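Data block below; observations after.
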Amino acid sequence: MEFRIPQQLLTDNNTKTKKGEKYGWKTFILYLAPFTQNSKGVNLCSHASKGCAESCLFGSGRGGMSPNVPAGRINKTEYFLADRQLFLNQLAKEITKHSKKFKNLAIRLNGTSDIAWEKLKIKDKDNKSLMELFPKVQFYDYTKNPIRIQNEIPTNYHLTFSRSEENDEVSIELLSKGKNVTIVFDKVPEEYKGYKVVDGDKNDLRFNDEKNVIVGLKYKNMTGKGADNSKAFKSGFAIRVKDIIELQKVA
Ligand code: SF4
């Protein structure tokens, strides 16, 4: 599929990342089209579950409001898939520009994808990854890929594991190993399965979270045409606090 090279790949118009500004951090995000939503059918979310697919951010908020938003994300995805080196070089250029302007710069490359960016090397830049190229920039992401979480990654790349209805056991195992895990709830509880829950909606600065906690996220209603928000709870992707209380009563 044809694509045009966008003027900018990284954007800073996310309400949640803007909350980080009062803590002194400027954040830019790259939004691609998740899963196989591209002409080549390449899956950019290798560990996506059915539930997260249905409730994916791509269908909520800005993604669900204006047809231009998904179209722009698909265009960027086509560009990424067609010429990865050109794409990475453009990202490097944009990060160079932003890092000159902002002392505390945070970059989230998987706004709506789950790509192992730490593995992508830029040929023109001594075969370095973006993290290696910008050691003073704080990169961070959410991932459903347990291998990425457990592998050694650059010290300036912070990853938080994302629970879904298909990786519940893995999530608990990772918590037992001291990792942080995000869980989507209808409303954020104080504790879940013996782990402290912090409110992940206060800001998006995941690299500043305490260690070994659950990062609770409130389920964001999908606003796109035909959106069915009950599916997220039926599939088990999102958890209703009321149901936890009921289960505790039974146990
Ligand atoms: S893994 Fe994340 S980005 Fe990919 S489909 Fe699931 S929620 Fe969306």
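Values reported hereafter were calculated over all heavy atoms of this structure, with side chains retained and with hydrogens, waters and symmetry mates removed. These figures come from a predicted structure and were not determined experimentally. One-based numbering, in listed order, for ligands and for the atoms of each.
- Within the structure, salt bridge (Lys or Arg N to Asp or Glu O under 4.0 Å) pairs that include any residue of residues 77-88 do not occur (at least two apart or interchain).
- Distances below 4.0 Å separate heavy atoms of C45 from the following atoms of ligand 1: 1 (S), 3 (S), 4 (Fe), 5 (S).
- In this structure, a donor-acceptor pair under 3.5 Å is absent between the side chains of N38 and T77.
- Remark: ligand 1 atoms within the under-4.0 Å shell around heavy atoms of F35 are 5 (S).
- Residue Y142 does not touch ligand 1, judged by heavy-atom distances below 4.0 Å.
- Side-chain N/O atoms of D204 and Y140 include a donor and acceptor closer than 3.5 Å.
- Judged as a salt bridge (Lys or Arg N to Asp or Glu O under 4.0 Å), the pairs with a partner in residues 164-176 (not counting sequence neighbours) are, in order, R163-D168, D168-K193, E173-K177.
- Residue contacts with ligand 1 do not include D114, since none of its heavy atoms lies under 4.0 Å from the ligand.
- With ligand atoms numbered from 1 in the order given, ligand 1 contributes 3 (S) to contacts under 4.0 Å with heavy atoms of T112.
- Under 4.0 angstrom from ligand 1, the non-hydrogen atoms of S113 all belong to its backbone.
- Between the side chains of T160 and T182, no donor-acceptor pair of N or O atoms lies under 3.5 Å.
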